[in-house]
Amino acid sequence: MDKENAKVRNKLKTIESVRDFEGLLSETMLSEEEKQMLRLHYKERRTLQYIADALGMSESNVKKMHRKALTKIRKMF
């Protein structure tokens, strides 16, 4: 599963257009919190620790949320 999520991470990193990134997010079954986390991490290049602080969560919870979000998105590729 980690290899599959690595592929998704690489694809998300290569989406340069904000419109394309937002289009992808709009087609997913992600929560708004998950979408915000992905925006911060892949578009604003924020660390998971920064995102945890911004969302008022622990870093371990953000890591779990990140893994789950990648698994959901993987089905779209």
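Each residue takes its place number in the sequence, starting with 1. We use all heavy atoms of the structure for the numbers below, so side chains are in, but hydrogens, waters and symmetry mates are not.
Distance check, rounded to the nearest 0.5 Å: CG of Leu38 to CD1 of Ile73 gives 5.0 Å. Between Thr28 atom OG1 and Lys72 atom NZ the span is 8.0 Å, to the nearest 0.5 Å. Note that the CD atom of Glu4 and the CG atom of Leu70 stand 11.5 Å from one another [nearest 0.5 Å]. Put simply, NZ on Lys63 and CZ on Arg67 are 8.0 Å apart, with the number rounded to the nearest 0.5 Å.
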- [ ] Could you please spell out the steps behind the side-chain contact (heavy atoms from CB on, under 4.5 Å) verdict for Val8 and Leu12?
- [x] CA-CA 6 Å; Val8 174; Leu12 289 174; 4.1 Å; yes
TODO: Could you check Met57 against Met65 for side-chain contact (heavy atoms from CB on, under 4.5 Å), going step by step and ending with a plain yes or no?
DONE: CA-CA 10 Å; Met57 301 171 71; Met65 182 171 57; 4.1 Å; yes
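Partners of His41 by ring pair (Phe, Tyr, Trp, His ring centres under 6.0 Å), not counting sequence neighbours, listed by chain and number: His66. Under the rule for a salt bridge (charged side-chain N to carboxylate O under 4.0 Å, His left out), the partners of Glu44 that lie at least two apart in sequence or sit in another chain are Arg46. In this structure Glu22 satisfies the side-chain hydrogen bond (donor to acceptor under 3.5 Å, both in side chains) test together with Arg39, sequence neighbours excluded. With sequence neighbours left out, Thr14 forms a side-chain contact (heavy atoms from CB on, under 4.5 Å) with no residue at all. For Ser31, the side-chain contact (heavy atoms from CB on, under 4.5 Å) partners are Glu33, Glu34, not counting sequence neighbours.
Between Arg74 and Asn5, the side chains place a donor N or O and an acceptor N or O closer than 3.5 Å (distance only, hydrogens not considered).
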Contacts table for residues 48-56: side-chain donor-acceptor under 3.5 angstrom, sequence neighbours left out:
| unit_1 | atom_1 | unit_2 | atom_2 | d |
| --- | --- | --- | --- | --- |
| Gln49 | NE2 | Asp53 | OD1 | 3.1 |

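Cation-pi contact between Lys43 and Phe21: present, with separation from the ring centre below 6.0 Å and deviation from the ring axis of at most 45°.
Shown here is Arg45, whose CZ atom has more than 12 heavy atoms of other residues, nucleotides or ligands within 6.0 Å.
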